[in-house]
Asks: 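Take a look at this one; I'll ask things after.
Below, chain A is the first sequence line, B the second, and so on; all start at residue 1. Note: hydrogens, waters and symmetry copies are ignored here, and every other heavy atom, side chains too, is used.
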Amino acid sequence: MENFTDEEEAISVDEEGFPSLQLPSEKDGSIEVAEDSFASDFYRCGTDWSCLVETTDKSSENHSHHHHQKKLKQTNLFQMWGFNKVEDTNVDSTSALRSPNEANAIYNTKKKNNSKRPMLGSIHQNDKENHNAPRLGPAMNPRIGDSKRRACPFYKKIPGTTFTVDAFRYGLIEGCSSYFLSHFHYDHYGGLSKGWSHGPIYCSPITARLVRMCLLVNPSFIRPLELDIEYVIEGVKVVLLEANHCPGATLILFHLADGRCYLHTGDFRASKMMQSHPLLANQHINVLYLDTTYCNPKYKFPSKEDVLEFVVKISRNYIKNQPKTLIVVGAYSIGKECVYLAISKALGVKIYANASRRRVLHSFGWSELSGGLCSRGEDTPLHVLPISSLRHETLKKYSETYKRQYTAVLAFRPTGWTYSETTGNQLDLIKPNSRGNITIYGVPYSEHSSFLELREFVQFLKADKIIPTVNIGTSANRDKMQSYFQNWLRLKDS
DNA sequence: GCGATCAGCT
DNA sequence: CACAGCTGATCGC
């Protein structure tokens, strides 16, 4: 995922998504720092971004620099970049006029699968970066000139190339001739639709199929790349690697002609397998664009295998005690298939999913999964439902349909993580939410790296520079993450 | 009228 | 908390 949640001080940026440089021009009034020199300075520096302060600007960081060093490093840096508090005079004037959204969605029984919605109900309509971070101000959400369109943020652009990653919601990006898509989740493909015409889209074969099937993008723009194969695109060697996230998700490795090497993780869950991958094992990485979703020590969760084992164990127990139990697994779009597949295999039952979901699941070309699907809910006690319907009321209503066959409902909500200080790694401490004959388990089946997995990956890769791509909405978060990276690499080296 | 985008919410 | 959206309202065309 990629989102910004916290508030951010208002910051100004240029049209490239780089923070705008508004240096006090005491020399001659003209700012001579060209955009690319700024960009290259940015990318040249290591994980210690503060080196930019010294090399580029000395005037704006003179006072109180020495005592609060740690705290002010990035603050000063961002100040240097023009990340100053500025008045947000450019507020979208129309937004103030909009009537407040009453959001009174009590019970909407209207059916919604009849329209041309691409896949599991409606899948492309909203935009997380937009609404979760509108107060980022123009910072990471820059707008181009007066228009309402945001500019592509700098960390989605691969320096030294004409490539961007997961940057479809910015219209035509100047200087971008190839658009990479790391995986098929809304917050990454947002902006892609039938009318896309801004350039070729490079992605894995599975993602390519989904882009065509679900978004109806013109196939002439879709360029599937096999995993683990080196392609040369505009003089840059590119390889997609398995990301261990959702089906079709990839890491993207860029080998520039000048020898520089960049790795973009998209969304991923770091694993030991990645460390033995021949293309990563002995590869010096200059810049790592890192999925930092759980880059905080409070996020400790078990391996996928442990969670699957737990889910299977619970399912078996329920069936044993209550043979007439309907098992429901929640899922949104793609991802977490293993949860219901594991139950299906353990209990020897088929998996029911609605037609649109089946279409998507079949498109993976994963025969084990395809073979386990069935199209009639009456034929199996294992159902996949949208995660939004995993609530007591909804499940109760749903089970009414099958009341002849089932007297109880056991539901699993693989929420990525279920936070509980005490639970931690110990799955057995997970308490289900039960009401009547409906039981809902939240299980920490994550498709992002845990804090420790992230640390291990970073220490393995030893990239010169790390650019986090998630939770970067506040300078406090950015500072915190950079200091983790520094510690991880310092302790490892010395 | 349609697709895209918005705020609010989970 | 924050996963990866969902929903209804509104905007631009």
Side-chain angles (χ1 to χ4, degrees), chain A residues 1-6 91-113 115-135 141 143 147-150 166 168-171 182-196 214-216 245-246 249 266-267 269 291-301 330-336 339 385-394 412-421 423 440 442-451 470-471 473 477:
Chain A
M1 71 107 191
E2 49 177 31
N3 72 335
F4 315 120
T5 47
D6 293 316
V91 181
D92 177 3
S93 58
T94 60
S95 67
L97 300 175
R98 279 185 204 129
S99 59
N101 183 352
E102 305 285 310
N104 257 342
I106 313 273
Y107 254 87
N108 181 5
T109 42
K110 206 166 53 182
K111 77 171 179 339
K112 23 199 129 147
N113 248 348
S115 63
K116 296 158 201 162
R117 289 286 159 75
M119 85 180 219
L120 318 167
S122 56
I123 198 169
H124 75 290
Q125 25 187 315
N126 206 340
D127 180 335
K128 174 159 43 177
E129 285 183 14
N130 262 347
H131 66 264
N132 264 358
R135 303 300 164 259
N141 255 351
R143 290 175 190 272
S147 94
K148 302 221 173 146
R149 164 152 285 140
R150 263 170 306 281
D166 298 342
F168 299 93
R169 20 187 329 268
Y170 313 101
S182 66
H183 66 290
F184 196 74
H185 276 157
Y186 182 78
D187 48 340
H188 293 257
Y189 69 66
L192 255 185
S193 65
K194 204 164 46 181
W196 176 266
C214 303
L215 306 181
L216 307 178
H245 180 64
C246 64
D267 279 358
R269 182 160 183 180
D291 166 19
T292 44
T293 299
Y294 295 129
C295 189
N296 183 312
K298 74 181 173 191
Y299 297 122
K300 305 170 191 180
F301 35 75
Y332 342 77
S333 56
I334 64 172
K336 328 238 172 179
V339 176
L385 294 182
I387 208 160
S388 56
S389 59
L390 283 209
R391 286 165 297 132
H392 282 99
E393 279 175 292
T394 328
F412 294 103
R413 161 194 284 272
T415 52
W417 61 284
T418 37
Y419 182 68
S420 161
E421 286 292 349
T423 306
I440 306 176
V443 291
Y445 186 86
S446 175
E447 293 186 326
H448 293 277
S449 315
S450 70
F451 185 72
V470 181
N471 296 327
N477 280 345

Asks: Just N and O in the side chain of A/Ser333: are any of them under 4.0 Å from OP1 or OP2 of C/dA4?
Replies: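 For C/dA4, OP1/OP2 do not have a side-chain N/O of A/Ser333 under 4.0 Å.
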Asks: Would you mind telling me which of C/dC3, C/dC1, C/dA4 lies closest to the side-chain atoms of A/His245?
Replies: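 It is C/dA4.
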Asks: Respond yes when some side-chain nitrogen or oxygen of A/His448 is under 4.0 Å from OP1 or OP2 of C/dA4, and no when none is.
Replies: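 Yes.
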Asks: Tell me: OH of A/Tyr294 to P of C/dA2, nearest whole Å?
Replies: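 So the OH-P distance, A/Tyr294 to C/dA2, works out to 9 Å.
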Asks: Between atom CZ in A/Phe451 and atom C1' in C/dC1, what is the gap in whole Å?
Replies: 16 Å
Asks: Nearest whole Å is fine: how far is C/dC1 P from A/Asn477 CG?
Replies: 13 Å
Asks: Base of C/dC1, side chain of A/Tyr299 - is there a donor-acceptor contact under 3.5 Å?
Replies: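 For A/Tyr299, whose side chain was compared with the base of C/dC1, there is no donor-acceptor pair (under 3.5 Å).
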Asks: Can you give me the closest heavy-atom contact between A/Pro297 and A/Lys300, atom names plus distance?
Replies: O-CE, 3.3 Å
Asks: Between A/Asn471 and A/Thr292, do the side chains contain a donor N or O and an acceptor N or O under 3.5 Å apart?
Replies: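 No.
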Asks: Compare every heavy atom of A/Cys246 with every heavy atom of A/Ile334, then report the nearest pair and how far apart it is.
Replies: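 Closest approach of A/Ile334 to A/Cys246: CD1-SG, 3.7 Å.
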Asks: Rounded to the nearest Å, what distance is computed from the CZ atom of residue A/Phe301 to the C1' atom of nucleotide C/dA2?
Replies: 12 Å
Asks: Rounded to the Å, how far apart are A/Leu192 CG and B/dA4 C1'?
Replies: 14 Å
Asks: Counting heavy atoms from C-beta on, name the nucleotide in C/dG5, C/dC1, C/dC3 closest to the side chain of A/Lys298.
Replies: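 When the side chain of A/Lys298 is considered, C/dC1 is the closest of C/dG5, C/dC1, C/dC3.
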Asks: For the pair made of CG in A/Leu215 and P in B/dG3, what is the distance, rounded to whole Å?
Replies: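 Going from A/Leu215 (CG) to B/dG3 (P), I get 14 Å.
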Asks: Taking only side-chain nitrogens and oxygens of A/His188, does any of them come within less than 4.0 Å of OP1 or OP2 of C/dG5?
Replies: no
Asks: Name the orientation class of the two ring planes belonging to A/His188 and A/His183 (parallel below 30°, tilted from 30 to 60°, perpendicular beyond 60°).
Replies: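 Ring orientation, 0 to 90° scale: tilted.
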Asks: Respond yes when some side-chain nitrogen or oxygen of A/Ser193 is under 4.0 Å from OP1 or OP2 of B/dG3, and no when none is.
Replies: no
Asks: Looking at the side chain of A/His185, which of C/dC3, C/dC1, C/dA4 is the nearest nucleotide?
Replies: C/dA4
Asks: Roughly how many Å is it from CH2 in A/Trp196 to P in B/dA4, rounded to a whole number?
Replies: 12 Å
Asks: The side chain of A/Lys194 lies closest to which of these nucleotides: C/dA4, B/dG3, C/dC1?
Replies: B/dG3
Asks: Rounded to whole Å, please give me the gap between CG in A/Asn296 and P in C/dC1.
Replies: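 So the two atoms are 13 Å apart, to the nearest Å.
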Asks: Kindly give the heavy-atom pair with the smallest separation between A/Pro414 and A/Lys336, and that separation in Å.
Replies: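 So the minimum-distance heavy-atom pair works out to O-NZ, 3.3 Å.
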